[in-house]
Number of protein chains: 2
Amino acid sequence: MRSIVYSIKQVVEMLDIPSVTLRAWENRYQAVVPERTESGYRLYNQENIEDLRWLKEQTDKQGISISHAVRMLKQHKQKDLDERLSVAGGDPKDALDKMRQQIYAALLDIQGERADALIDFGFSLYGYEAMVHQVLVPVLVKVGDAWEQGTATVAQEHYMTHMISNRLSQFFHVFPVYAHLHKVLAFCPAGEHHQVGLLLFSLFLRRNGVEVIYLGANTPEDGVMELLEKQERIGAVCLSVTNGTLVPYTEELLERLGSLYPEMQLIVGGRAYEAISLQDTNATYVMAEPPEKWQAWFDQEYATIRHRA
Amino acid sequence: MRSIVYSIKQVVEMLDIPSVTLRAWENRYQAVVPERTESGYRLYNQENIEDLRWLKEQTDKQGISISHAVRMLKQHKQKDLDERLSVAGGDPKDALDKMRQQIYAALLDIQGERADALIDFGFSLYGYEAMVHQVLVPVLVKVGDAWEQGTATVAQEHYMTHMISNRLSQFFHVFPVYAHLHKVLAFCPAGEHHQVGLLLFSLFLRRNGVEVIYLGANTPEDGVMELLEKQERIGAVCLSVTNGTLVPYTEELLERLGSLYPEMQLIVGGRAYEAISLQDTNATYVMAEPPEKWQAWFDQEYATIRHRA
DNA sequence: CAAATTATTTACACTCATTATACAATTGCA
DNA sequence: TGCAATTGTATAATGAGTGTAAATAATTTG
């Protein structure tokens with residue numbers, strides 16, 4: 001690869017553009033951003049020259065304004081895509097890490113457009129599994145941590161959580177349902193408004209072919225009961241609780257459910273159940289971290305349930 | 001991939017239509033509505049050019065008046081949609097009505113698979129506008145009504161609301177953002193957990209090219225304030241309140257916002273504000289039914305806001 | 001070291017685009 | 001015909017885009 005570089009004076013002579021103008025174009029529009037020497041002198045490479053020549057052509061002969069010419073140039077070169085593609089180069093591990101960081105940074109900065117573009121790009125590049133489990137979920141966890149540690153404001157947490165869970169829940173309806181599996185009823189009990197954990201676990205089940213009836217946050221008990229009576233083939237109820245004070249009520253609820261439907265799997269999770277083991281609850285499975293263990297549970301405990309008559 | 005865009009000067013030269021006329025056509029008939037740069041300069045894309053060329057052809061050579069030509073153009077474009085509609089056979093009105101009923105029935109019956117399939121099918125057949133405004137939103141309204149009247153259980157309401165608002169929020173990131181418009185901050189105040197109205201209005205704004213920072217339900221005040229300080233170019237705050245007891249607090253919040261940011265548009269909506277008129281609130285716009293009126297408000301009150309220094 | 005080159009910052013005309021309003025000329029229609 | 005709506009254009013005020021210049025400081029070169 002050729003690496004001839006030119007000083008600004010050489011460029012001025014080659015292209016007949018005053019140095020003042022070159023600098024103005026760079027500062028104002030990032031039209032052409034040359035490398036610099038250690039002391040800050042500009043070093044234009046061949047590509048820079050070509051770009052500048054093209055820009056001059058547009059402005060001089062076509063009468064196009066410089067700002068517009070730069071817009072066209074950038075579009076033409078698909079600069080944006082190139083930047084994002086550079087994420088893909090190198091080690092895939094680094095790439096995913098970089099993607100995590102960039103998405104997190106974009107969200108922290110409330111740059112929805114950019115975050116969406118990054119996520120779209122990530123899906124096209126890495127597919128569902130890698131993107132969800134190695135990028136979006138970690139970002140979501142990081143958001144929660146940042147909030148707890150005060151690194152992010154409440155509004156930032158809300159925004160980031162919404163953006164990501166929105167993207168995640170898109171996948172709810174794209175996976176096939178395996179009809180031989182029992183359905184799962186997922187909800188947070190009345191008073192509980194935090195549904196991220198529930199969403200993640202529901203998505204995990206959905207990915208495994210389970211039809212999930214997702215009721216979301218703050219669902220009163222009577223509604224659930226009616227639904228269980230009407231619907232057949234519900235094999236599990238999945239609850240997520242963050243608010244610790246709701247645990248006693250949740251346990252009562254679990255007990256009622258267990259006595260009404262003895263064959264039903266009762267799954268609990270969420271912050272409030274993080275430190276609670278199976279012995280201390282009426283549930284039949286506690287979905288704690290890490291999500292990798294979920295698969296083992298699913299394969300052994302859920303996928304094997306046969307139909308009831 | 002984005003298409004090439006042209007400045008107004010280029011369009012003038014290409015089509016030989018004075019810029020003054022181009023602007024008049026846009027203002028008077030919305031003949032061709034180009035995107036804008038961040039500073040509000042018009043950016044015409046290829047489709048805009050084609051439309052303008054066609055309009056000029058009609059007016060110059062065919063002697064047709066511009067208003068009539070625009071009507072024809074819009075009719076012409078509508079025809080594409082109609083053709084897609086008629087693919088389904090029969091009267092499109094009946095078809096949409098049938099789709100509403102089927103989707104509602106599927107949701108009421110907790111048949112997520114079927115509802116999703118119907119919705120997918122509907123989008124592919126009728127496109128975004130028809131599907132959202134004539135099917136999903138009406139279904140959502142019907143769900144709310146059914147819940148109030150006791151025709152649906154709480155669980156059914158939760159489920160249906162979740163399914164539909166999930167599908168709706170997918171569109172959040174597919175529409176282009178017009179950078180010259182101010183952003184909108186959308187949230188429900190602390191204590192308010194019902195965000196359907198907020199979602200619909202946010203989606204409406206998003207559809208009109210506004211970047212919406214969506215914080216969702218139950219957002220505490222301090223987070224919002226921090227965000228407003230940090231973010232620039234937020235032109236409006238949008239609040240939705242269902243719980244009537246929160247109105248006094250909301251009004252206080254609005255007053256604080258109004259005194260801190262006198263230029264900010266303050267939009268309120270939701271059940272709690274249904275019967276409240278502009279005189280009785282500190283807000284600058286009440287987003288009440290019907291959504292058709294939103295467009296008039298937007299065109300007059302929001303799309304025309306200029307930049308602050 | 002002195003001269004030449006380059007960099008940053010600030011400023012200033014000058015052009016161009018924006019909105020809003022106004023105003024004839026034309027058109028449509030009762 | 002007469003009158004109001006339509007329509008292309010003109011103008012004014014404001015702000016953004018753009019080339020260039022000056023002041024000042026740092027670096028390179030002979």
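In what follows, chains are A, B, ... by sequence order, proteins preceding strands, each numbered from 1. Values below: all heavy atoms of this structure, side chains included; hydrogens, waters and symmetry mates excluded. No experiment lies behind these values; they were computed from the predicted model shown.
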Novice: Taking CD1 from B:I8 and C1' from D:dA16, how many angstroms apart are they, rounded to a whole number?
Specialist: 14 Å
Novice: Roughly, in whole Å, what's the span from CZ in A:R28 to P in C:dA11?
Specialist: 13 Å
Novice: Got a sec? Which of residues 32-44 of chain A come in under 4.0 Å of DNA chain D, heavy atoms?
Specialist: A:S39, A:Y41
Novice: Mind telling me whether B:F123 and B:F171 have parallel, tilted or perpendicular rings, with 30° and 60° as the class edges?
Specialist: tilted
Novice: Describe the nucleic acid contact of B:S7 in one word from base, sugar-phosphate, nothing, applying a heavy-atom distance below 4.0 Å.
Specialist: nothing
Novice: On the nucleotide D:dT18, are OP1 or OP2 found under 4.0 Å from the side-chain N or O atoms that A:Y29 carries?
Specialist: yes
Novice: With a 4.0 Å heavy-atom cut-off, tell me which residues in residues 17-26 of chain A come close to DNA chain D, sorted by residue number.
Specialist: A:P18, A:V20, A:T21, A:A24, A:W25
Novice: Rounded to the nearest Å, what distance is computed from the NZ atom of residue A:K56 to the P atom of nucleotide D:dT18?
Specialist: 15 Å
Novice: Kindly indicate whether a cation-pi arrangement holds for B:R36 with B:Y178, taking the cut-offs as under 6.0 Å to the six-membered ring centre and within 45° of the axis.
Specialist: no
Novice: State which of C:dA17, D:dT18, C:dT5 makes the closest approach to the side chain of B:K9.
Specialist: C:dA17
Novice: Should the pair B:R23-B:E26 be classified as a salt bridge under the 4.0 Å nitrogen-to-oxygen rule?
Specialist: no
Novice: Whether the side chain of B:Q58 engages the backbone of B:L55 through a donor-acceptor N/O pair (distance < 3.5 Å, no angle test) should be reported.
Specialist: no
Novice: Specify whether A:H162 and B:F172 have parallel, tilted or perpendicular ring planes, treating 30° as the upper limit for parallel and 60° as the lower limit for perpendicular.
Specialist: perpendicular
Novice: Using atom CG of A:N27 as one end and atom C1' of C:dT8 as the other, report the distance to the nearest whole Å.
Specialist: 8 Å
Novice: Nearest whole angstrom, please: distance from the C1' of D:dT7 to the NE2 of B:H68.
Specialist: 16 Å
Novice: Please report how far the helix from C:dC1-D:dG30 to C:dA30-D:dT1 bends, comparing the axis fitted to its first five pairs with the axis fitted to its last five, to the nearest 10 degrees.
Specialist: 30°
